[in-house]
S.K.: 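Sharing a structure, written as structure tokens. Questions coming.
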Amino acid sequence: MKKIILFACILSSAIFQAQNKQIFESPKLKEEISAHKTIAVLPFKSTISYKRLPKNFDADLNTQEEKKSGLSLQSGLYTYLLRKSSDYSVSIQDPEKTNILLKQNGSFENLDELTPDALAKILGVDAVIKCTYAYEKTGSEGGAIVKSLLIGFGTGKVATSDLTMNIYNAKDGDLLWRFYKQMNEDVMSSPKAMMEHMMRKVGRNFPYEKS
């Protein structure tokens with residue numbers, strides 16, 4: 001009976017993991033990316049929400065944190081891809097240059113109002129990476145610590161994060177590749193460690209990796 005229960009738990013966990021990672025590849029993905037030389041990572045569209053709003057919640061401060069997070073995630077993804085650049089068939093534009101070009105064009109604050117091919121033209125690249133990152137605080141650290149101590153490590157969930165990463169073709173603005181991943185943040189983990197783990201997931205599936 002115990003073996004049956006254990007197997008059911010493992011199977012349930014496997015199904016949960018499968019449901020929380022999704023990848024889309026366009027039929028013309030390989031053909032199009034074979035001609036790409038340079039790609040750019042746009043600032044992330046980052047949202048920070050709470051299952052229950054904390055006391056003294058400041059909406060303006062939260063908006064500032066979202067913008068700060070979007071730039072930090074852009075830099076984090078660039079740094080991770082840069083570390084593995086020898087494995088990729090393209091070069092990645094420095095985000096500092098990306099953001100300066102967007103600001104000079106007046107597009108930095110309204111990325112959602114421009115098509116991917118228009119953004120790629122501004123940046124002079126063959127493809128753009130657009131990402132959304134949704135972070136939701138779901139529980140308190142205090143309660144999660146107690147739960148971890150009573151039940152076991154890995155059970156003290158305090159937040160969930162959803163990453164959606166899209167690669168758009170500069171030539172026609174078509175979506176070539178999409179990666180979606182949901183993760184839980186444990187009370188014993190750090191945002192930096194969770195981001196690194198998520199980036200490794202992206203890196204293992206990145207379509208520009210040399211064969």
Side-chain angles (χ1 to χ4, degrees), residues 24 26 29 32-33 35-50 57-137 159 161-181 190-192 194-196 198-203 205-208:
F24 161 79
S26 166
L29 172 67
E32 292 295 330
I33 67 174
H36 291 176
K37 304 292 185 184
T38 307
I39 61 175
V41 179
L42 298 172
F44 280 47
K45 183 177 181 180
S46 179
T47 58
I48 302 172
S49 60
Y50 298 84
F57 174 76
D58 188 321
D60 291 335
L61 184 61
N62 194 68
T63 299
Q64 292 176 28
E65 286 298 316
E66 289 176 334
K67 290 182 179 180
K68 183 179 177 181
S69 170
L71 293 174
S72 177
L73 290 165
Q74 177 196 26
S75 177
L77 177 56
Y78 169 73
T79 300
Y80 181 82
L81 295 177
L82 194 64
R83 292 203 320 249
K84 293 171 59 66
S85 59
S86 60
D87 297 331
Y88 301 139
S89 59
V90 291
S91 61
I92 300 99
Q93 188 176 83
D94 190 315
E96 185 174 350
K97 178 179 180 179
T98 297
N99 295 344
I100 288 173
L101 290 172
L102 291 172
K103 288 175 182 178
Q104 288 177 344
N105 188 265
S107 308
F108 186 75
E109 297 293 340
N110 59 330
L111 296 178
D112 287 341
E113 297 177 19
L114 294 169
T115 59
D117 49 320
L119 289 168
K121 185 176 180 180
I122 292 168
L123 300 173
V125 295
D126 301 304
V128 291
I129 299 178
K130 293 186 71 174
C131 299
T132 60
Y133 184 77
Y135 179 88
E136 183 184 32
K137 194 78 170 177
S161 59
D162 295 79
L163 172 71
T164 304
M165 179 176 175
N166 299 312
I167 297 179
Y168 292 95
N169 201 19
K171 186 170 65 177
D172 48 24
D174 286 352
L175 176 64
L176 295 178
W177 185 81
R178 173 190 285 255
F179 175 89
Y180 168 81
K181 176 69 179 174
S190 68
K192 183 179 179 180
M194 194 169 89
M195 183 65 184
E196 180 72 16
M198 187 171 281
M199 288 301 100
R200 286 200 299 270
K201 295 288 187 183
V202 170
N205 295 276
F206 200 52
Y208 290 102

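Here the structure is a predicted model, which means the values were calculated and not measured. Side chains are part of it too, since the values below use all heavy atoms of this structure and drop only hydrogens, waters and symmetry mates.
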S.K.: Just to verify, what does Lys97 make a side chain to side chain donor-acceptor pair (under 3.5 Å) with, not counting sequence neighbours?
M.R.: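 Lys97: no side chain to side chain donor-acceptor pair (under 3.5 Å) contacts found.
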S.K.: Say you draw a straight line from NZ of Lys67 to OG of Ser46; how long is it, rounded to the nearest 0.5 Å?
M.R.: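 OG of Ser46 is found 12.0 Å from NZ of Lys67.
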S.K.: As an exercise, state the distance from CD1 of Ile39 to OH of Tyr168, rounded to the nearest 0.5 Å.
M.R.: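 Ile39 CD1 to Tyr168 OH: 14.5 Å, rounded to 0.5 Å.
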S.K.: Work out which heavy atom in Phe179 is nearest to a heavy atom in Asn205; give both atom names and the distance.
M.R.: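 Scanning both residues completely, I find the closest heavy atoms to be CE1-ND2, 3.7 Å.
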S.K.: Please list every donor-acceptor pair under 3.5 Å in which a side-chain atom of residues 75-87 meets a protein atom from a residue at least two apart or in another chain.
M.R.:
unit_1, atom_1, unit_2, atom_2, d
Thr79, OG1, Ser75, O, 2.9
Arg83, NH2, Glu196, OE2, 2.9
Ser85, OG, Leu82, O, 3.0

S.K.: I'd like to know if the side chain of Asp58 reaches the main chain of Leu61, judged simply by a donor and an acceptor atom lying under 3.5 Å from each other, with no hydrogens or angles considered.
M.R.: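 Such a contact is found between Asp58 side chain and Leu61 backbone.
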S.K.: Working to the nearest 0.5 Å, report the span between CG of Leu73 and OH of Tyr133.
M.R.: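 Reported to 0.5 Å precision, the distance equals 6.5 Å.
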S.K.: What's the verdict on side-chain contact (heavy atoms from CB on, under 4.5 Å) for Phe206 and Ile129, showing C-alpha distance, side-chain angles and the deciding distance?
M.R.: CA-CA 11 Å; Phe206 200 52; Ile129 299 178; 4.1 Å; yes
S.K.: Is the closest side-chain heavy-atom distance between Tyr180 and Asp162 below 4.5 Å?
M.R.: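 A side-chain contact under 4.5 Å exists here.
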S.K.: Using the test side-chain contact (heavy atoms from CB on, under 4.5 Å), find all partners of Ser91 that sit at least two apart in sequence or belong to another chain.
M.R.: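 side-chain contact (heavy atoms from CB on, under 4.5 Å) list for Ser91, sorted by chain: Thr38.
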S.K.: List the steps, then state whether side-chain contact (heavy atoms from CB on, under 4.5 Å) holds for Asp112 with Lys45.
M.R.: CA-CA 9 Å; Asp112 287 341; Lys45 183 177 181 180; 3.2 Å; yes
S.K.: Residues two or more places apart in sequence or in another chain: which of them pass salt bridge (charged side-chain N to carboxylate O under 4.0 Å, His left out) with Glu66?
M.R.: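 So Glu66 forms no salt bridge (charged side-chain N to carboxylate O under 4.0 Å, His left out) with any residue.
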S.K.: Give the ring-plane orientation class for Tyr208 versus His36, where under 30° counts as parallel, over 60° as perpendicular and anything between as tilted.
M.R.: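 Tilted, since the angle between the ring planes falls between 30° and 60°.
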S.K.: So which atom in Pro207 and which in Ile33 form the shortest heavy-atom distance, rounded to 0.1 Å?
M.R.: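 Closest heavy-atom pair between Pro207 and Ile33: O-CD1, 3.3 Å.
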S.K.: If you measure from NZ on Lys130 to CD on Gln74, what distance do you get to the nearest 0.5 Å?
M.R.: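 Rounded to the nearest 0.5 Å, the NZ-CD separation comes to 13.0 Å.
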S.K.: Considering non-hydrogen atoms only, spot the tightest contact between Ile122 and Ser107 and give its length.
M.R.: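 Smallest interatomic distance, heavy atoms only, reads CD1-OG, 3.6 Å.
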S.K.: Where do Pro43 and Asn99 come nearest, in terms of heavy atoms and distance?
M.R.: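 Residues Pro43 and Asn99, closest heavy atoms: CG-OD1, 3.4 Å.
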S.K.: Output yes when a side-chain donor or acceptor of Ser69 lies under 3.5 Å from a complementary backbone atom of Glu65, and no otherwise.
M.R.: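 Not at all, since once roles are kept as given, no pair shorter than 3.5 Å links the two residues.
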S.K.: So how far is it from Leu42 CG to Leu111 CG, rounded to the nearest 0.5 Å?
M.R.: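 One finds 6.0 Å between CG of Leu42 and CG of Leu111.
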S.K.: I'd like to check the ring-ring contact (aromatic ring centres under 6.0 Å, His included) partners of Phe24; sequence neighbours left out, ordered by chain and number.
M.R.: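 If we apply the ring-ring contact (aromatic ring centres under 6.0 Å, His included) test to Phe24, skipping adjacent residues, there are no hits.
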S.K.: Residues two or more places apart in sequence or in another chain: which of them pass salt bridge (charged side-chain N to carboxylate O under 4.0 Å, His left out) with Asp94?
M.R.: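 None.
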S.K.: Mind checking what makes salt bridge (charged side-chain N to carboxylate O under 4.0 Å, His left out) contact with Lys103, not counting sequence neighbours?
M.R.: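 Lys103 satisfies salt bridge (charged side-chain N to carboxylate O under 4.0 Å, His left out) with no other residue.
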S.K.: Measuring from Met165:CE to Phe44:CZ, what's the distance to the nearest 0.5 Å?
M.R.: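 That separation rounds to 7.0 Å.
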S.K.: Within the structure provided, determine whether Asn62 and Phe57 are in side-chain contact (heavy-atom separation under 4.5 Å).
M.R.: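 They are in contact (side-chain heavy atoms under 4.5 Å apart), so the answer is yes.
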S.K.: For Ser26, give me all partners under side chain to side chain donor-acceptor pair (under 3.5 Å), at least two apart in sequence or on another chain.
M.R.: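 For Ser26 there are no side chain to side chain donor-acceptor pair (under 3.5 Å) partners, ignoring immediate neighbours.
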S.K.: Between Asn166 and Cys131, is a side-chain contact (heavy atoms from CB on, under 4.5 Å) present by the stated rule, with each step listed?
M.R.: CA-CA 6 Å; Asn166 299 312; Cys131 299; over 6 Å; no
S.K.: Please, which pairs that meet ring-ring contact (aromatic ring centres under 6.0 Å, His included) have at least one residue in residues 93-113, sequence neighbours excluded?
M.R.: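 Every pair satisfying ring-ring contact (aromatic ring centres under 6.0 Å, His included) with a residue in residues 93-113: there are none.
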S.K.: Holding to side chain to side chain donor-acceptor pair (under 3.5 Å), I want the full list of residues that pass it with Gln93, two or more places apart in sequence or in another chain.
M.R.: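 If we apply the side chain to side chain donor-acceptor pair (under 3.5 Å) test to Gln93, skipping adjacent residues, the hits are Thr98.
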S.K.: Who are the side-chain contact (heavy atoms from CB on, under 4.5 Å) partners of Gln104, not counting sequence neighbours?
M.R.: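 Per chain and number, Gln104 pairs via side-chain contact (heavy atoms from CB on, under 4.5 Å) with Ile100, Leu101.
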S.K.: Would you mind listing every side-chain hydrogen bond (donor to acceptor under 3.5 Å, both in side chains) that reaches into residues 116-129, with sequence neighbours excluded?
M.R.: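 Sorted pair list: Thr115-Asp117.
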S.K.: What are the two closest non-hydrogen atoms of Ala40 and Leu123, and how far apart are they?
M.R.: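 Scanning both residues, the minimum pair turns out to be CB-CD1, 3.8 Å.
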S.K.: Specify the closest pair of heavy atoms between Asn169 and Glu32, including all atoms of both residues, with the distance to one decimal.
M.R.: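 Heavy-atom minimum between the residues: ND2-OE1, 3.0 Å.
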